[in-house]
Amino acid sequence: MTPEQQALATSISQQIPTSGRACAGTGKTTTAVAALQKTKAKTLACAFNTSTQMELASRLENNKNVEAKTLNGLGHRITAKALGHRTLKVDPQKLRTLTNDFFPTLSFENKLIVQKLTKEARIAGLVPIGTSGFKGILEDTEENWQSLLNENIEDELISAARDLLIKSIEIAQREAQIDFDDQIYFSALCGNLITDYELVVVDEAQDLNLLQHKMLQKFYRTAVCIIGDPRQSIYGFRGAVSNSMLKLEEKFSLQQLPLTVNFRCAPQIISYAQQFCPEIQAGLKDIQGTVDQLDQYELEALPSEAAILCRCNAPLLRLCFQLINAGRWPKFVGRDI
């Protein structure tokens, strides 16, 4: 481990509230695992998605003091307790089913708008007026409903979305039926969390949304540590808080520790990346790389070991078929095609 990794791992294992600001490819998960393997405190390791949670759980299986959960998994448990149910039924299509049941005369397009409005209202922490049991973040006003989507919404559809949200809350309270957004919505907005965790470590903290911030604030008696890279915040479209890490650092009074040594790329690539991230350093000194900017390329110029990345799938799929037509067999990753 680098001195930076050692410093961050030590700080986390000693339950010092810390923010690990990690540049790309600097081994932040490896560092977190090194810290959590040593901790003797009862610890919750929060992962952003299921694949990371499974990796953490696998690498930490020998330390019985650490429990690895996704934020949704944690939210599920908190929601069950907050709503007073022993078990919850998760239905990913809950909003669609409720829309069809209660608004059968709406057109298909308007049903989609109502569902999207309701979804955005939950992400924003809006609780309809008159709803008992929990307190919202965003006030239930016509202006706030209009602000949820970047388009002018008819009053009729706003009224339907408000009614849909009320129905969604009621069915969760009465019948213990929720969807994935409910796991965060109820856990963030219902009551206080009583826990015996002594340490909470959150990975990919740059991508948390406002309700997930609210969830973490429930650990007011617990040491909270976060790890992430502010430059890799890519979930703004899904409600991620701008400057998420900075705001968490301020809320929990976290000391900042850097991870800057990259173990993923050749020095030439790191040199190019320093235009955008001046602090990043090359950790792989003995390999060579190049940075080329091409206006076009021929299939013959692509070595068989190449990894080709693209912002969206369509150009990759076209290239995939071109390679197949040329008698080459690429591995297409990202969608099950």
Check the pair Gln232, Gln206 against side chain to side chain donor-acceptor pair (under 3.5 Å), reporting the backbone distance first and the verdict last. CA-CA 7 Å; Gln232 293 187 57; Gln206 77 277 355; 5.5 Å; no

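- Minimum heavy-atom separation, Cys225 to Pro17: SG-CA, 4.2 Å.
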Test side chain to side chain donor-acceptor pair (under 3.5 Å) on Glu4 and Thr260 and set out the steps. CA-CA 8 Å; Glu4 289 179 340; Thr260 61; 2.9 Å; yes

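- Within the 4.5 Å cutoff, the side chain of Tyr185 has heavy atoms near those of the Ile169 side chain.
- Atom CZ of Arg96 is surrounded by 12 or fewer heavy atoms from other residues, nucleotides or ligands within 6.0 Å.
- Closest non-hydrogen pair, Leu208 versus Leu248, comes out as CD1-CD1, 4.0 Å.
- Distance check, rounded to the nearest 0.5 Å: CD1 of Ile16 to CG of Leu199 gives 11.0 Å.
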Verify side chain to side chain donor-acceptor pair (under 3.5 Å) between Thr29 and Glu55, making sure each step is shown before the conclusion. CA-CA 9 Å; Thr29 302; Glu55 179 187 0; 5.4 Å; no

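- In Lys251, the NZ atom is crowded: over 12 heavy atoms of neighbouring residues, nucleotides or ligands sit closer than 6.0 Å.
- No more than 12 heavy atoms of other residues, nucleotides or ligands lie within 6.0 Å of CE in Met54, so this atom counts as exposed by the packing criterion.
- Taking each heavy atom of Leu316 and Cys310 in turn, the nearest pair found is CG-CB, 3.4 Å.
- Here Asp179 pairs with Arg122 in a salt bridge; the nearest charged N to carboxylate O distance falls below 4.0 Å.
- No side-chain heavy atom of Leu259 sits under 4.5 Å from any side-chain heavy atom of Cys23.
- The number of heavy atoms from other shown groups lying within 6.0 Å of CD (Glu298) does not exceed 12.
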Verdict with supporting geometry, Ile129 and Glu139, side chain to side chain contact (heavy atoms under 4.5 Å, CB included): CA-CA 8 Å; Ile129 293 172; Glu139 189 178 356; over 6 Å; no

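- Inter-residue side-chain proximity for Arg86 and Lys81 is flagged as unmet; no heavy-atom pair is nearer than 4.5 Å.
- By the 6.0 Å contact criterion, NZ on Lys40 is open, its count of non-hydrogen atoms from other residues, nucleotides or ligands being 12 or less.
- Rounding to the nearest 0.5 Å places CG of Leu299 at 6.0 Å from CG of Leu302.
- Salt bridge annotation for Arg221-Glu198: absent, with no cationic side-chain nitrogen under 4.0 angstrom from a carboxylate oxygen.
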Give the intermediate values and the outcome of salt bridge (charged side-chain N to carboxylate O under 4.0 Å, His left out) for residues Lys167 and Asp101. CA-CA 11 Å; Lys167 297 292 185 186; Asp101 288 346; over 6 Å; no

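- You'll find the side chain of Phe134 reaches within 4.5 Å of the side chain of Val127, heavy atoms only.
- Counting non-hydrogen atoms of neighbouring residues, nucleotides and ligands closer than 6.0 angstrom, the CD atom of Gln274 exceeds 12 such neighbours.
- For the pair Glu142/Arg162, a side-chain contact is recorded, criterion being any heavy-atom separation below 4.5 Å from C-beta on.
- No side-chain heavy atom of Thr43 sits under 4.5 Å from any side-chain heavy atom of Asn65.
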Run the side chain to side chain donor-acceptor pair (under 3.5 Å) test on Thr97 and Asn100 for me, step by step, so that the C-alpha distance in whole Å, both residues' side-chain angles and the decisive distance to 0.1 Å come before the verdict. CA-CA 5 Å; Thr97 301; Asn100 290 331; 6.0 Å; no

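- Annotation: side chain of Cys46 is in contact with side chain of Val200 (closest heavy-atom distance under 4.5 Å).
- Cluster annotation: Met215 and Val201 are assigned to distinct hydrophobic clusters (Ile/Leu/Val/Met/Phe/Trp/Tyr, side-chain heavy-atom contacts under 4.5 Å, transitive).
- In summary, Arg21 and Glu249 engage in a salt bridge, as defined by a charged side-chain N under 4.0 Å from a carboxylate O.
- With hydrophobic clusters built from ILVMFWY side chains whose heavy atoms lie under 4.5 angstrom apart, Leu254 shares a cluster with Tyr197.
- Residues Trp145 and Leu189 are members of one and the same hydrophobic cluster, defined by side-chain heavy-atom contacts under 4.5 angstrom among Ile, Leu, Val, Met, Phe, Trp and Tyr.
- Residues Val66 and Asn63 are in side-chain contact: their nearest non-hydrogen atoms beyond the backbone lie under 4.5 Å apart.
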After noting the C-alpha distance and the side-chain angles of Ile123 and Leu211, does the key distance pass the side chain to side chain contact (heavy atoms under 4.5 Å, CB included) rule? CA-CA 7 Å; Ile123 291 174; Leu211 290 188; 5.6 Å; no

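- Lys214 NZ: 12 or fewer foreign heavy atoms inside a 6.0 Å radius.
- The two residues Asp292 and Thr290 have their closest heavy-atom pair at OD2-OG1, 3.5 Å.
- Taking the charged nitrogens against the carboxylate oxygens, Glu151 and Lys116 have no contact shorter than 4.0 Å, which rules out a salt bridge.
- In this structure, CZ in Arg231 is found 8.5 Å from CD1 in Ile280, a value given to the nearest 0.5 Å.
- Shown here for Ala121 and Leu165, the closest heavy-atom pair between the two residues is CB-CD2, 4.1 Å.
- Classification of Lys28 and Asp229 as a salt-bridged pair fails, no side-chain N sitting under 4.0 Å from a carboxylate O.
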